[in-house]
Novice: 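This is the structure, below, for whatever I ask next.
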Amino acid sequence: MQLKTTHWWKVPTDQKIEDLLSLDILQSAAQLLREGGLVAFPTETVYGLGADARKEEAIQAVFRAKGRPNDNPLIVHLGHVEQLPQIVPEVSTIAKRLIRHFWPGPLTLVMKHRGNLAKGVTAGLDTVAVRIPDHPIALALLRLADIPIAAPSANLSGRPSPTTADHVWNDLSGKIEILLDGGPTNVGIESTVVDVTGKTPIVLRPGGVTVEQLKKVVKKVTVDPALTHSKKKPRSPGMKYRHYAPRGELWLVHGDEKKMVRTIKQLAAQSLAQGKKVGILTTKEHAKQFQATLIQICGSKNKPEQVAHQLYHCLRRFDEEQIDVIYAESFPDNGLFQSVMNRLNKAANGRILKA
Ligand code: AMP
Ligand code: MG
């Protein structure tokens, strides 16, 4: 692939959307999107890699830059809910209710589309995934571009998603035209993907909006069985791939707190004795008990928002120190921790240990 010059532009993080709309750099980035270029930008979840969702060539460039499998469809980002009818012919009552409560925000809805998007965006499916992000820079860019923008996470496929401009740069410099730096993202993990094509909404991927939050708004919500049974085929194509993973071998350790800590201690000692570089992903409550080459504290065991916010940064730190084997703590399977556990399970790719 021919290398591109990637421009890294810092965008002020303390301005309102109305002020951002008049910034030259955002206007240029929006113009480039309209011309078929690739622009990475911050959202409230992770950094996205944006391209015109109607242009097949631009979409193919996204797949190439990320090394993403072609059967994994992209999320279309809009700047206004008024744009939705351009790509979706019908919005159900349930979808409308979810939109009212959660947009702009980390909720992606899967709906039947009109057939006017590039084939690559939907991977040939009759549905499209759509959301409106809750970030002033993303919203200003999307409104200036005024077209539907497909934006998967701005990382190399399979690696942890990017939550800072540095992460994007490490993965995609030379492959995209513009990187808009808006500082670290807030939520830290991706959006929740919900299929609203049927009577009952189905969670296809847990994320920034929790199942409990969804249930407060719509009475019945189901969760794709493939999320809990590894042998079932997921309804969201992306969920079948190993994902969110550092390069070292990650082992996820289950079990009650005391046993889990004891097991991680023993495993780390064994691996250190074998001459391996050992990483531990832990919480501030347990960190002092461990010895390893690199200990990453992703927050407090009582603060799922902190853990989600720092998770990918911690996973990437293991790569920077060329860690061979990582032992990760488990979290309860509810609330935002459920989304964190989904990512850790994907990163572990079946390497689960029971303490
Ligand atoms: P990413 O943009 O990398 O955060 O991934 C987008 C996620 O949304 C992947 O898991 C995709 O498989 C999923 N997705 C996108 N479009 C659809 C769709 N039409 N139906 C089901 N899942 C989708
Ligand atoms: Mg992704």
Side-chain angles (χ1 to χ4, degrees), residues 38 40-51 53 59 62-63 65-78 84 87-88 95 105-133 135 138 148-163 167-168 171-172 185 187-198 201-209 222-227 232-246 308 311-312 315-316 339 342-343 345-347:
L38 304 189
F41 60 96
T43 78
E44 83 281 32
T45 57
V46 302
Y47 273 72
L49 174 57
I59 297 307
V62 167
F63 280 92
K66 282 180 59 74
R68 185 175 174 108
N70 278 309
D71 67 347
N72 189 4
L74 310 180
I75 295 173
V76 174
H77 291 63
L78 304 177
L84 192 55
I87 55 174
V88 166
L107 178 69
T108 295
L109 297 177
V110 172
M111 296 183 254
K112 289 259 173 355
H113 62 72
R114 279 192 188 282
N116 54 356
L117 295 165
K119 283 271 175 301
V121 169
T122 60
L125 299 172
D126 61 355
T127 53
V128 62
V130 197
R131 83 175 188 107
I132 299 186
H135 192 291
I149 297 293
S153 48
N155 53 312
L156 288 176
S157 212
R159 300 216 55 217
S161 293
T163 55
H167 298 161
V168 179
D171 280 14
L172 297 179
T185 62
V187 178
I189 53 173
E190 301 84 346
S191 60
T192 302
V193 179
V194 176
D195 182 332
V196 286
T197 55
I202 309 168
V203 176
L204 306 185
R205 174 180 76 180
V209 171
T222 60
V223 174
D224 184 0
L227 293 179
K232 296 223 158 113
K233 183 171 175 250
R235 296 167 64 111
S236 177
M239 297 306 286
K240 67 175 181 273
Y241 293 106
R242 176 169 187 241
H243 237 191
Y244 319 113
L311 177 70
Y312 288 138
L315 293 181
R316 280 178 178 256
S339 311
N342 169 269
R343 305 310 189 263
N345 272 306
K346 289 272 158 200

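When a ligand or atom number is given, it counts from 1 through the structure's own listing order. Predicted model only: the values in this text are computed from it and were never measured.
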Novice: With a 4.5 Å heavy-atom cut-off, do Pro73 and Leu125 have their side chains touching?
Specialist: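 Yes, at least one pair of side-chain atoms sits under 4.5 Å.
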
Novice: Can you find a pair of side-chain heavy atoms, one from Ile87 and one from Asn116, that are under 4.5 Å apart?
Specialist: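 The answer is yes; the side chains approach within 4.5 Å.
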
Novice: Just by distance, do the side chain of His167 and the backbone of Ala154 share a donor-acceptor pair under 3.5 Å?
Specialist: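 No.
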
Novice: List in chain and number order the residues that pass salt bridge (Lys or Arg N to Asp or Glu O under 4.0 Å) with Arg68, two or more places apart in sequence or in another chain; answer none if no residue qualifies.
Specialist: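 If we apply the salt bridge (Lys or Arg N to Asp or Glu O under 4.0 Å) test to Arg68, skipping adjacent residues, there are no hits.
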
Novice: Provide, to 0.1 Å, the distance between atom 2 (O) of ligand 1 and the closest protein heavy atom, together with that atom's residue and name.
Specialist: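 That would be Pro152 CA, 3.2 Å.
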
Novice: Listing residue and atom name, which protein N/O/S atoms are closer to the Mg ion (ligand 2) than 2.8 Å?
Specialist: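 For the Mg ion (ligand 2), the protein N, O and S atoms that sit under 2.8 Å away are Ser153 OG.
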
Novice: Using heavy-atom distances, let me know which of Glu190, His113, Arg68 sits nearest atom 5 (O) of ligand 1.
Specialist: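 Comparing heavy atoms across Glu190, His113, Arg68, the nearest one to atom 5 (O) of ligand 1 lies in Arg68.
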
Novice: Looking only at non-hydrogen atoms, find the nearest pair between Ala51 and Ile59 and report the distance.
Specialist: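 The answer is CB-CD1, 4.2 Å.
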
Novice: Give the atoms of ligand 1, by number and element, whose distance to some non-hydrogen atom of Ser153 is under 4.0 Å.
Specialist: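 With Ser153 as reference, the close atoms of ligand 1 come out as 2 (O), 3 (O).
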
Novice: Considering only non-hydrogen protein atoms, determine which one is nearest to atom 21 (C) of ligand 1 and report residue, atom name and distance to 0.1 Å.
Specialist: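 Answer, as residue, atom name and distance: Leu204 CD1, 3.7 Å.
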
Novice: To check your reading of the model: name the closest protein heavy atom to atom 22 (N) of ligand 1, its residue, and the distance in Å.
Specialist: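 Ranking protein heavy atoms by distance from atom 22 (N) of ligand 1, first comes Ser236 OG, 3.2 Å.
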
Novice: If you count the atoms of ligand 1 from 1 in the order shown, which ones are under 4.0 Å from a heavy atom of Arg205?
Specialist: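 Selected atoms, number and element: 1 (P), 4 (O), 5 (O), 6 (C), 7 (C).
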
Novice: With heavy-atom distances below 4.5 Å as the criterion, would you say the side chains of Ser191 and Ile75 are in contact?
Specialist: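 Side-chain contact under 4.5 Å: yes.
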
Novice: Once salt bridge (Lys or Arg N to Asp or Glu O under 4.0 Å) is applied, do any residues pair with Asp195, and if so which ones, sequence neighbours excluded?
Specialist: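 Once residues adjacent in sequence are excluded, the partners of Asp195 under the salt bridge (Lys or Arg N to Asp or Glu O under 4.0 Å) criterion are Arg235.
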
Novice: Looking at side-chain heavy atoms only, is the closest gap between Asn342 and Glu190 below 4.5 Å?
Specialist: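 When only atoms from C-beta onward are counted, Glu190 and Asn342 do not touch, as no gap falls below 4.5 Å.
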
Novice: Identify, with sequence neighbours excluded, every residue that meets salt bridge (Lys or Arg N to Asp or Glu O under 4.0 Å) alongside Arg131.
Specialist: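 Scan of Arg131 (salt bridge (Lys or Arg N to Asp or Glu O under 4.0 Å), adjacent residues dropped) gives Glu44.
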
Novice: Where is the nearest protein heavy atom to atom 12 (O) of ligand 1: which residue, which atom, and how far?
Specialist: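 Its nearest protein heavy-atom neighbour is Gly238 N, 2.7 Å.
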
Novice: Could you find the nearest protein heavy atom to atom 17 (C) of ligand 1 and give me its residue, atom name and distance?
Specialist: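 Answer for atom 17 (C) of ligand 1: Pro73 CG, 3.5 Å.
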
Novice: Any heavy-atom pair between the side chains of Thr192 and Pro106 that's under 4.5 Å?
Specialist: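 Counting from C-beta outward, Pro106 and Thr192 never come under 4.5 Å.
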
Novice: Identify the protein heavy atom lying closest to atom 19 (N) of ligand 1, giving its residue, its atom name and the separation to 0.1 Å.
Specialist: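 Scanning the protein heavy atoms, the shortest distance from atom 19 (N) of ligand 1 goes to Thr127 OG1, 3.0 Å.
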
Novice: Using modelled atom types only, decide if a donor and an acceptor are shared between the side chain of Lys66 and the backbone of Asn155 within a distance under 3.5 Å.
Specialist: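 Looks like yes, one N/O pair under 3.5 Å.
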
Novice: For atom 9 (C) of ligand 1, grab the closest protein heavy atom and report residue, atom and distance to one decimal in Å.
Specialist: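 For atom 9 (C) of ligand 1, the nearest protein heavy atom comes out as Asn72 OD1, 3.5 Å.
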
